[in-house]
A.B. asks: 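Let me give you the structure first, and then I'll get to my questions.
Keep in mind that what you see is a predicted model, and the values were worked out from it rather than measured.
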Amino acid sequence: SKATVSVLYWAGVGGKINMSAQKKVLSPHEQLEVKKRKIWELATSPRKQMAMMMFMMWLSGNELNIFPIMITGQAVYSPISSIMGATKLFSKVVDGIDTSAELREERRNAVITYILHQLVFFCIGLVKCYYLGLVPTHAIDWIDHRPYLPIETSAGFAM
């Protein structure tokens, strides 16, 4: 089956785009390249959101209030849910039985890249939890779980 793609072209007069699109028939090789490009756009799309997420975390501050807790909760939950839905996301681009081995390999590499990006987001969320004091890192955080050691003390005089 031959795929068609709409191509907008410049009219030349005034630099306006002609909205009556031309149809271009893509060869199988061009179809493969378009699918590869789309797969890698999906795989690297989280990278574009990283600066905004870090800015929002910085903006929320390091005090325990409702806003920083909500931002941090979203920063921890969102990567986990994105990792769980990664194969479903990429299956929208690579569909059908007739996919080539090259496209399946590209999909596998793109899914791994996407998951690594999401793990970086998750680590940023954990660092924010640390700055908020929600990560137990000191012995005092585990005081309820330490065994009780009675200390013998005496106050008085021996005769």
Side-chain angles (χ1 to χ4, degrees), residues 3-8 17 21 26 28-158:
T4 59
V5 66
S6 298
V7 178
L8 298 176
I17 295 177
L26 296 177
H29 177 69
E30 290 173 334
Q31 290 178 25
L32 182 66
E33 292 301 317
V34 167
K35 284 187 178 184
K36 282 183 186 180
R37 188 170 52 242
K38 183 64 177 169
I39 286 171
W40 283 106
E41 284 176 11
L42 282 174
T44 57
S45 63
R47 182 176 51 196
K48 298 171 187 168
Q49 303 166 359
M50 194 171 298
M52 180 56 90
M53 186 177 110
M54 291 174 72
F55 176 71
M56 289 296 293
M57 290 213 187
W58 172 78
L59 196 62
S60 67
N62 290 335
E63 296 179 7
L64 280 177
N65 296 321
I66 189 69
F67 185 65
I69 290 174
M70 287 175 38
I71 293 290
T72 306
Q74 183 267 340
V76 171
Y77 174 74
S78 178
I80 293 171
S81 64
S82 295
I83 288 172
M84 295 299 175
T87 55
K88 184 178 179 183
L89 176 71
F90 285 94
S91 66
K92 293 177 183 177
V93 177
V94 183
D95 54 351
I97 302 169
D98 59 344
T99 58
S100 66
E102 182 181 0
L103 192 59
R104 285 194 303 266
E105 183 179 344
E106 286 289 325
R107 177 180 177 240
R108 180 181 51 94
N109 293 339
V111 167
I112 290 170
T113 303
Y114 181 78
I115 289 174
L116 288 176
H117 277 98
Q118 295 300 333
L119 287 176
V120 169
F121 275 129
F122 183 73
C123 290
I124 291 171
L126 287 182
V127 168
K128 181 65 175 181
C129 285
Y130 172 76
Y131 287 141
L132 288 174
L134 299 175
V135 179
T137 55
H138 302 292
I140 195 71
D141 296 328
W142 301 98
I143 198 83
D144 290 342
H145 305 292
R146 296 179 73 193
Y148 175 71
L149 298 173
I151 301 173
E152 185 177 326
T153 59
S154 66
F157 300 95

A.B. asks: Where is the tightest heavy-atom contact between P68 and S60, given as atom of each residue plus distance?
C.D. replies: CG-O, 3.2 Å

A.B. asks: Would you compute the distance between atom CE of M57 and atom CG of L132 and round it to the nearest 0.5 angstrom?
C.D. replies: 9.0 Å

A.B. asks: Check the pair K128, I71 against side-chain contact (heavy atoms from CB on, under 4.5 Å), reporting the backbone distance first and the verdict last.
C.D. replies: CA-CA 9 Å; K128 181 65 175 181; I71 293 290; 5.9 Å; no

A.B. asks: For the CG atom of L59 and the CE atom of M54, what is their distance to the nearest 0.5 Å?
C.D. replies: 13.5 Å

A.B. asks: Specify the closest pair of heavy atoms between Y130 and V135, including all atoms of both residues, with the distance to one decimal.
C.D. replies: N-CG2, 3.6 Å

A.B. asks: Any salt bridge between E102 and K36, counting N to O under 4.0 Å?
C.D. replies: yes

A.B. asks: First locate atom CD1 of I39, then atom CG of L103, and finally report the distance between them rounded to the nearest 0.5 Å.
C.D. replies: 4.5 Å

A.B. asks: Give a yes or no on whether E30 atom CD has more than 12 heavy-atom contacts from other residues, nucleotides or ligands under 6.0 Å away.
C.D. replies: yes

A.B. asks: State, with a plain yes or no, whether a side-chain heavy atom of S78 is found less than 4.5 Å away from one of F121.
C.D. replies: no

A.B. asks: Hey, could you give me the CE/CD distance between M70 and Q74, rounded to the nearest 0.5 Å?
C.D. replies: 9.5 Å

A.B. asks: Dump the intermediate steps for side-chain contact (heavy atoms from CB on, under 4.5 Å) on R107 and S91, then the final yes or no.
C.D. replies: CA-CA 9 Å; R107 177 180 177 240; S91 66; 4.0 Å; yes

A.B. asks: To the closest 0.5 Å, what do you measure between CD1 (I124) and OG1 (T72)?
C.D. replies: 12.0 Å

A.B. asks: With side chains defined as the heavy atoms from C-beta onward, is the minimum distance between I83 and L119 less than 4.5 Å?
C.D. replies: yes

A.B. asks: Over all heavy atoms of both residues, which pair between A43 and A110 is shortest? Give the atoms and the distance, please.
C.D. replies: CB-O, 3.4 Å

A.B. asks: Can you find a pair of side-chain heavy atoms, one from F67 and one from M56, that are under 4.5 Å apart?
C.D. replies: yes

A.B. asks: What pair of heavy atoms forms the shortest contact from I115 to A86, and how long is it?
C.D. replies: CG1-CB, 4.4 Å

A.B. asks: Rounded to the nearest 0.5 Å, what separates atom OG1 in T87 from atom OH in Y114?
C.D. replies: 10.5 Å

